[in-house]
Amino acid sequence: MASEVKLEDIVSLCKRRGFIYQGSEIYGGLSGTWDYGPLGVRLKWNIMDLWWKTFVDDRDDIYGVEAAILMNKKVWEASGHTTGFNDPLVECQNCKARLRQDHIEKDKCPVCGTVGKFSEPRQFNMMFKTNVGPTEDENSLSYLRPETAQGIFTNYKNVVDSFYPDIPFGIGQMGKAFRNEISSRDFVFRSREFEQMEIEYFVHPDTWKKEFDKWVKDIRAFLDELGLPEDKIHELDVPEADRAHYSKKTIDFEFDFPHKRDELLGLAYRTDYDLANIQKATGKSMQYRPKDGSEPFVPHVIEPSFGVERAVMAVLASAYTEDEVDGEKRIFLKLPEHLAPVKVAVSPLLKNKPELVKKAKEVYKTLKKEFGNVMYDDNGNIGKRYRRQDEIGTPHCVTIDFDTLADDTVTLRNRDNTKQKRVKIDRLTESL
RNA sequence: GCGGGUAUGGUUUAGUGGUACGACGCGACCUUCCCAAGGUUGAAACGCGGGUUCGAUUCCCGCUACCCGCACCA
């Protein structure tokens with residue numbers, strides 16, 4: 001079932017309210033790049049903070065790292081990206097379909113059925129090339145990482161040497177990755193520069209199934225924390241033919257995005273593919289030696305991999321709501337409170353009454369100190385301010401009126417039902 | 001990459017071979033005792049580059065970006 005929210009509504013709101021802009025827009029844009037505005041970056045970080053807190057800080061079996069984006073090119077040779085990311089594509093001269101050469105059987109076009117009418121293969125390497133150092137030659141060649149995972153695998157030994165954790169344990173990382181996609185599509189869904197939140201979870205090979213199932217549960221809980229409705233999430237057990245060759249099981253968590261149902265995140269059992277590759281390439285042992293003296297082994301890996309932008313999009317699409325207040329259409333973002341870019345907005349009921357303004361600024365400063373993401377708003381009239389805060393998903397609005405001056409109470413207005421109640425100023429912090 | 005479409009203030013739109021209308025939004029001032037009220041006023045647009053033309057936002061060509069379909073997504 002497709003979502004009822006249109007992609008263009010999301011794009012328009014993101015632009016209008018300062019969440020997400022086209023990258024390099026003023027120069028005509030750059031395909032597949034997006035910039036985050038003041039509210040967007042806050043929302044994005046809130047999601048990332050929640051991820052880090054949930055999977056790193058709140059657990060004692062997962063260690064955080066941040067690896068460099070530029071890596072030794074041997075990393076990509078060992079991981080298979082230099083060859084694997086380098087897909088020869090051919091074009092059917094009859095129907096113009098562009099296809100991966102290795103997907104073609106018996107020289108027959110799977111689209112139109114024509115046999116033997118293909119162009120010469122062309123190479124499409126999805127990794128962005130760059131040069132490290134002053135010279136531009138084969139030796140200085142490097143790539144922007146196309147995934148964050150390798151930055152974890154290359155630090156597996158470092159983390160084991162520093163902490164010697166009991167197995168199973170994981171290493172988590174958030175960071176940018178870059179893929180020179182043939183075509184970027186669907187707003188921030190598939191862009192050329194994007195951010196991942198990934199964990200490589202190292203397990204004994206005999207226990208992978210049990211640990212994999214635990215991860216399914218942990219992921220479900222996290223998606224719930226993001227406020228994503230369960231009926232829009234679909235767990236797809238990826239059939240062998242569609243899995244990466246190293247993966248023995250993959251579950252794609254798909255979401256009903258505005259454009260279509262598509263992958264939100266992947267959970268893959270990667271076996272010992274990556275550590276074994278490093279061991280082979282470097283000659284260094286990736287074996288884990290259990291403290292109880294039992295047989296050493298190369299750990300197997302379970303990888304939950306989130307796309308940050310996809311999470312942002314799913315959160316926005318889920319939060320986007322239209323209802324009616326006094327017969328007027330109202331657009332608001334029903335964001336979970338812990339994700340909202342602005343937690344509370346403070347207004348004087350009337351901005352031409354200095355005593356109200358003075359008091360409102362006092363309350364604003366107090367709350368700002370307490371929560372940080374607090375906005376002062378005295379534009380237009382009170383109704384306008386409520387609607388504006390609705391549209392950026394601010395869960396609470398505090399209004400200072402004449403009663404405030406008399407008894408130190410304020411109006412606390414709720415975004416979702418527009419209901420308001422009076423609260424003592426000194427009880428405000430705990431009411432939010 | 002292929003095919004199709006679109007491109008006018010922040011958003012949404014009208015329109016024209018003689019540089020452009022409106023709405024909403026935004027700023028200022030006034031007004032306003034709780035849900036986009038009102039008044040005055042201000043800033044703000046023809047995606048970029050060529051060509052044709054006395055003159056191009058408009059016609060033509062190229063490019064860019066986005067949207068739809070296909071392909072791709074290791």
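Chain letters run A, B, ... following the sequence lines, proteins first and then strands; every chain starts at 1.
- The same atom, C1', is picked in B:A36 and in B:C60; the two are 45 Å apart, to the nearest Å.
- In this structure, the CG atom of A:Asp377 is 13 Å from the P atom of B:G25, given to the nearest Å.
- Checking the phosphate oxygens (OP1, OP2) of B:U11, a side-chain nitrogen or oxygen of A:Lys15 falls inside 4.0 Å.
- As rounded to the nearest Å, B:G9 and B:U57 have C1' atoms that lie 14 Å from one another.
- With B:C66, B:G1, B:C67 as the choices, the nucleotide that has an atom nearest any side-chain atom of A:Gln22 turns out to be B:C66.
- Checked against side-chain contact (heavy atoms from CB on, under 4.5 Å), A:Thr399 has the following partners two or more places apart in sequence or in another chain: A:Leu349, A:Ile382, A:Tyr386, A:Thr411.
- At B:C66, one or more side-chain N or O atoms of A:Ser31 fall inside 4.0 Å of OP1 or OP2 (strictly under the cut-off).
- Taking atom C1' in both B:C26 and B:A43, one finds a spacing of 9 Å when rounded to whole Å.
- Across all strands shown, B:C48 is found opposite B:G62 as a Watson-Crick or G-U wobble partner, with both distances under 3.5 Å.
- Distance from the side chain of A:Asn379 is smallest to B:C26 among B:C26, B:U11, B:A74.
- B:C21 and B:A14 are spaced 15 Å apart, taking the P atom of each and rounding to whole Å.
- Of all nucleotides listed (B:U11, B:C68, B:C67), B:C68 comes nearest to the side chain of A:Arg185.
- Sorted by first and then second residue, the pairs that involve residues 330-343 of chain A and meet side chain to side chain donor-acceptor pair (under 3.5 Å), not counting sequence neighbours, are A:Asp323-A:Arg330, A:Arg330-A:Asp390, A:Glu337-A:Lys343, A:Glu337-A:His396.
- Taking the side-chain contact (heavy atoms from CB on, under 4.5 Å) definition, one finds that A:Glu391 meets it with A:Leu13, A:Arg16, A:Arg17, A:Ile331, sequence neighbours left out.
- Distance CZ (A:Arg16) to C1' (B:C24): 9 Å, rounded to an integer number of Å.
- Nucleotides B:C48 and B:C66, compared at atom C1', are 15 Å apart to the nearest Å.
- A gap of 15 Å separates the P atoms of B:G25 and B:U12, to the nearest Å.
- In this structure B:A20 sits in no base pair that meets the Watson-Crick or G-U test at under 3.5 Å.
- Within the 4.0 angstrom heavy-atom criterion, no nucleotide atom of any strand lies near A:Glu263.
- Distance noted for atom P between B:U58 and B:U41: 33 Å (whole Å).
- Taking every side-chain heavy atom of A:Glu181 into account, B:C72 is the closest of B:A65, B:C72, B:G27.
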(message) Output one letter per nucleotide in nucleotides 32-51 of chain B: B when a protein non-hydrogen atom lies under 4.0 Å from the base, S when only the sugar-phosphate is that close, - when neither is.
(response) BBBBBB--------------
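- When all heavy atoms are compared, the tightest approach of A:Ile62 to A:Gly172 is CG2-N, 4.0 Å.
- The stretch residues 63-79 of chain A participates, sequence neighbours left out, in these side chain to side chain donor-acceptor pair (under 3.5 Å) pairs: A:Ser79-A:His81.
- The local environment of CZ in A:Arg427 is sparse, with at most 12 non-hydrogen atoms from other residues, nucleotides or ligands closer than 6.0 Å.
- Distance check on atom C1': B:U11 versus B:C70 gives 32 Å, rounded to whole Å.
- Between the CG atom of A:Asp35 and the P atom of B:C66 there is a distance of 12 Å, rounded to whole Å.
- Here A:Arg387 pairs with nothing under the salt bridge (charged side-chain N to carboxylate O under 4.0 Å, His left out) rule; sequence neighbours left out.
- Defined by atom type and a distance below 3.5 Å, a donor-acceptor pair is missing between the side-chain atoms of A:His234 and A:Asp252.
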